[in-house]
Visitor: 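Questions regarding the structure given below will be posed in turn.
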Amino acid sequence: MATRALIQRLGSQASYHIGIEAYDPAKLGLADMMTQFAGVGEAAFAGPLPITVARPMEQSTAIPAVFPWALQWQDDANDSIDWVFLVDNATAAATRRIVMYLYNRHTAVWVWQGFVTVTLPTATAYTVRGFRMTYDLYTTGTVAVSGTAVTGTGTAWQTNKVCVGNRIGFGSTNPALITTWYTISAIGSDTGITLAATAGTIAGGTAFVIEDLRAVMATTNATTTNGGLIVVKGLAKDLFSNVGGAVPAATTVDNIRASYWLADATTVTNITATGLGIEPKTSATSQFVYVIDGTANPVIFKYNIRAALVPTAGKDFSASVFILKTGSGGAVTGAIGQNNNGRLATVGHGPHSGVSTLYFTTASRVYAAPVSGITSGSTTWLSAGTVATEVPPGGVNTFAATGALSSIEYAALMDKFVITSNATSKCYVTQYRTDAGQWDRVFGVDTRQIDQGTADSTITPVPSYTGGTPSVWSEGGLCYFVTVGTSAQTNRAYALPLGADWEYSGTTGAEIILPELVTPEASKYTHVFVQENQVIGGRTGANLGLPTEPCRVSYRTSGISDDSGAWTAVDSTGSISGAGSSSIQFRLEFRTIGLTGIPSRIHSVGVIYEDLGTDSHYQPSVAQSSTASKSFAWRFSTAFGSTVPALRVRLYNAVTGGLLLDDTTATSASGVFEKSTNDGGAWGAYNTTDKANETTYIRYTPTTLADNIKVRALLTQN
Amino acid sequence: MIHIEQHQPLKDDPKTLVAVPTGDYDETDLLECYAEGADPAVPTCMYQAQYVVLGRPIYEQSEELTEDQVAALIANRPAHEVINNRKLIDGKKRASKYVGRVVRAREGRALKRDIRKKVLSEEASTTPAKTFSDPVEVVEPKIERPVDGAATTTPDTIQGTSSEEIVTAPASGTTTASVATSTPALDPVSTTTQSALEVPVTEGSQATSSVGDVVGGEAASSAESILVPEMSTTTIDAIPVATSTPLLTPTSTTTAEEIVAYAKKKIIRKLGL
């Protein structure tokens with residue numbers, strides 16, 4: 001039996017996307033947030049998306065931008081692109097800018113798209129406290145186009161509140177397949193649209209898609225009664241540019257590219273927003289937003305952001321727009337932060353499982369208020385909910401509570417919350433629990449690293465909190481982590497594959513499945529080995545590189561062809577004790593929620609096994625074998641260094657390959673094992689004592705064996 | 001302050017036009033605008049005055065524009081040389097009031113409150129205090145731009161004075177000036193005088209005096225053209241010529257000549273003449 005090793009090198013393996021493309025045992029399977037990079041040497045690897053950083057303050061127009069909101073705009077076999085939006089954090093002003101990046105989930109590359117400047121409906125100074133975008137597609141019906149005139153069949157554009165400024169594409173209902181977009185300059189009817197530029201002639205019956213992109217901002221204002229909820233309609237990706245598209249304030253016309261002020265009264269009382277929660281759209285005229293107001297005795301304002309507006313100077317506070325205001329829910333413990341603090345979620349765990357609930361944090365608590373209790377004038381909306389206390393994992397004797405919780409985000413893929421704290425503490429990934437139990441995970445650290453564009457080239461980006469409280473958004477498991485600041489040092493954006501963490505891979509499916517590894521004549525698997533990059537970045541000199549988070553391996557030897565086999569975990573020793581098989585397959589899982597969160601990079605994976613040749617510790621002996629007595633002998637050539645393990649003898653018909661006999665030293669059911677230590681001078685009972693000298697032999701004599709058979713004798717470990 | 005012409009197109013969007021009347025506005029004032037070909041009486045959007053004139057580059061800078069920057073941009077200095085130029089920002093005076101106004105198309109042009117306040121305060125020693133007790137609150141003439149010779153509307157009350165009509169001189173129509181019982185508003189027919197209440201001082205701007213825009217007047221390059229409507233130098237329909245006799249006879253001890261003289265002096269000083 002010989003020892004063999006097989007290795008699979010990563011970087012250029014043919015691959016498929018798990019969950020999107022069909023399983024292929026011959027290829028490398030990459031789940032969402034997993035990727036493979038080709039290259040030379042250490043540049044070739046596979047693993048979770050590397051952490052990369054975007055620097056809004058280092059763009060051509062420096063804009064301190066915070067409060068991420070992201071959309072998986074494209075996620076198919078061709079590409080996986082997120083749209084990521086951030087909002088202006090510069091000194092309060094009458095305009096606010098919205099920044100847009102594209103993030104590629106295959107390459108981990110950020111691409112600066114640009115920004116727009118939104119003129120807000122009062123000429124006073126705004127600060128954004130809560131930020132969301134909405135994105136909807138309109139594809140019902142077909143169109144015919146002649147120049148700038150678009151005629152719909154089966155369309156209902158006005159009814160569905162399509163906005164001037166939206167973009168439309170022809171030929172498909174899938175935005176990712178549109179090659180040329182056109183801006184809508186007028187909407188004349190349910191079946192009539194005018195384009196800003198000619199689209200030529202397009203035959204009737206053509207599919208189309210309209211992207212309805214909007215911004216929703218909860219604001220405060222230096223003139224306090226000018227605060228409140230702002231909705232920006234008629235946005236489009238093409239408007240975001242290096243020079244900045246301009247969006248005016250509305251006057252009296254609805255559904256155009258403009259900013260609208262949804263107010264609660266002539267004299268607004270929604271003046272101390274801390275964040276907001278937004279429900280999914282339920283119809284063209286219905287989508288509710290809940291604005292949390294007040295830092296100590298919160299009140300909730302509810303608006304319908306899709307109500308038909310009849311604005312005056314851009315402002316509308318009609319009953320269809322402003323739905324209700326609760327009473328004060330009572331004093332909360334700790335102050336409610338104003339950094340995009342609020343999240344509406346229907347989670348799958350905890351006391352509000354399956355219930356639409358508004359979550360927000362104070363410095364030391366997480367409050368949860370079911371939406372059903374948010375009614376007009378209610379003073380019990382908060383008490384009708386629950387509250388969670390900050391208890392770090394390991395307890396307060398392991399980690400001190402931060403007492404500085406800042407905001408909360410729901411990571412649906414993991415069914416967990418991401419809770420941020422201030423710039424010198426840590427963040428959590430945790431279920432919501434009200435039993436004073438420990439929260440699940442902590443991550444992040446303030447390393448003082450600030451990841452500037454001109455930083456040392458040997459560093460690797462790490463989401464250090466340095467300088468800015470984090471604000472986060474989770475989309476498809478990817479957590480966009482942005483430090484809230486106003487300078488290049490304090491305002492940075494990272495994409496963290498938190499959802500790829502091994503703790504939740506059973507739910508998220510975050511894994512890499514390696515191609516099937518054929519193991520010819522494998523008698524017994526012994527070990528798996530993984531070559532990974534342990535330090536990303538510089539390893540000499542200043543040693544600015546950082547260690548990665550770990551990965552773990554599991555394997556299977558059956559159910560490979562149809563992806564039905566169960567996986568067996570391998571511990572850190574790498575030992576595999578399974579019997580040999582025709583092939584083996586490995587799976588990799590990764591920890592991504594940790595101190596640095598820097599994902600591992602796997603260069604190769606291999607297996608060591610014993611094949612069906614004579615065990616390498618023995619050599620067949622012609623001299624001590626006998627055809628007359630039908631004895632088969634081997635010289636003990638290499639010591640084990642320990643007690644001899646159980647050996648196995650198999651006799652095959654050398655002509656037909658058929659197995660004639662199969663016996664082990666442990667059972668001796670079909671013959672007799674013997675041992676000699678003097679060159680066959682004397683044979684005694686077999687024992688498991690290690691090799692004594694160069695004249696040590698063992699032999700096996702079957703109890704019965706037919707005559708006139710050409711036999712091949714195989715000695716292996718059992 | 002920044003000068004705006006009614007119906008002027010946005011610098012970055014020629015198909016969007018300004019609906020508010022011609023005048024000088026604070027950079028951060030929101031001005032109603034309308035789409036080309038549409039009815040200017042139904043404006044559909046609002047933009048900042050500075051954006052109307054200077055375009056998108058101003059939003060590439062987070063800080064508010066300084067006076068130096070506005071002047072440089074108006075003088076057509078390339079935006080990339082002006083925007084985010086620390087030499088033009090650090091230690092420089094901000095161009096606009098921090099809080100602007102929403103200027104509706106029908107409400108008239110922006111009142112140059114600050115300028116008038118400054119002017120009047122400077123002239124406090126020479127200006128009869130009892131005439132302008134609180135310049136900031138004196139008048140915000142909501143006078144519609146006369147259209148087709150329509151009569152003007154009545155302005156707001158001048159604090160400390162009785163209400164009075166401020167006379168404008170429409171292009172072709174007629175208007176009637178009533179005699180003020182206290183402080184005269186202006187003497188629009190004089191070719192060498194100008195409104196005592198409206199001191200159109202916007203340094204560097206061009207005179208665009210036009211018929212009917214006498215009140216709340218426009219920056220001018222010469223004192224004589226500030227408030228000189230396109231009208232007869234002798235008579236304007238029912239408005240008698242005022243050469244030595246003020247149009248409005250005040251009952252205060254301040255004479256029209258004194259008011260006019262004060263205004264004239266200020267204008268000359270501002271223009272450096």
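Basis for what follows: all heavy atoms, side chains included, without hydrogens, waters or symmetry-related copies. Below, chains carry the letters A, B, ... as their sequence lines are ordered, and counting in each starts from 1.
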Visitor: Does any backbone or side-chain atom of A:Ala246 lie under 4.5 Å from a heavy atom of chain B? Answer side chain, backbone, both or neither.
Guide: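 Interface part for A:Ala246: both.
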Visitor: Taking side chain as everything from C-beta outward and backbone as N, CA, C, O, which of these in A:Ala249 sits under 4.5 Å from a heavy atom of chain B? Side chain, backbone, both or neither.
Guide: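 Both backbone and side chain.
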Visitor: Using heavy-atom distances under 4.5 Å, tell me whether B:Glu63 contacts chain A through its side chain, its backbone, both, or neither.
Guide: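 Interface part for B:Glu63: neither.
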Visitor: Enter the distance from B:Met46:CE to A:Thr122:OG1 here, rounded to the nearest 0.5 Å.
Guide: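 Reported value, rounded in 0.5 Å steps: 8.5 Å.
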Visitor: Find the one option among A:Val253, A:Ile63, A:Thr95, A:Ile256 whose heavy-atom pairs under 4.5 Å with chain B are most numerous.
Guide: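 Ranked by contacts with chain B, first place is A:Thr95.
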Visitor: Give, as side chain, backbone, both or neither, the part of A:Pro64 having an atom under 4.5 angstrom from any heavy atom of chain B.
Guide: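 The side chain, not the backbone.
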Visitor: So which of A:Pro121, A:Gly314, A:Ala90, A:Ala258 has the biggest tally of heavy-atom pairs under 4.5 Å with chain B?
Guide: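 Max contact count across the listed options: A:Pro121.
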Visitor: Who among B:Asp12, B:Val42, B:Asp13, B:Thr44 has the most heavy-atom pairs with chain A under 4.5 Å?
Guide: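 Most heavy-atom pairs within the cutoff with chain A belong to B:Thr44.
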Visitor: Using a cut-off of under 4.5 Å for heavy-atom pairs, which of A:Pro311, A:Ala250, A:Ser259 has the most such pairs with chain B?
Guide: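 With the most close heavy-atom pairs to chain B, the winner is A:Ala250.
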Visitor: One pair to check against side-chain contact (heavy atoms from CB on, under 4.5 Å): A:Ser60 and B:Glu60. What are the steps and the verdict?
Guide: CA-CA 8 Å; A:Ser60 53; B:Glu60 295 178 17; over 6 Å; no
Visitor: For A:Leu120 versus B:Leu30, what's the shortest heavy-atom pair and its separation?
Guide: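 Answer, listing the atom of A:Leu120 first, then B:Leu30: O-CD1, 3.2 Å.
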Visitor: Within the 3.5 Å criterion, strictly below it, is a donor on A:Thr251 or B:Arg104 matched to an acceptor on the partner's side chain?
Guide: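 Looking only at side-chain atoms, B:Arg104 and A:Thr251 do not form any donor-acceptor pair under 3.5 Å.
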Visitor: Out of curiosity, B:Asn84 CG to A:Thr61 OG1, how far, rounded to the nearest 0.5 Å?
Guide: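 So the CG of B:Asn84 and the OG1 of A:Thr61 are separated by 7.5 Å.
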Visitor: Which heavy atom of A:Phe115 sits nearest a heavy atom of B:Tyr59, and at what distance?
Guide: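 For A:Phe115 and B:Tyr59, the tightest heavy-atom pair comes out as CE1-O, 3.9 Å.
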Visitor: Heavy atoms only: give me the nearest B:Ser62-A:Ala62 pair and the separation to one decimal.
Guide: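 Heavy atoms only, the tightest pair is OG-O, 3.7 Å.
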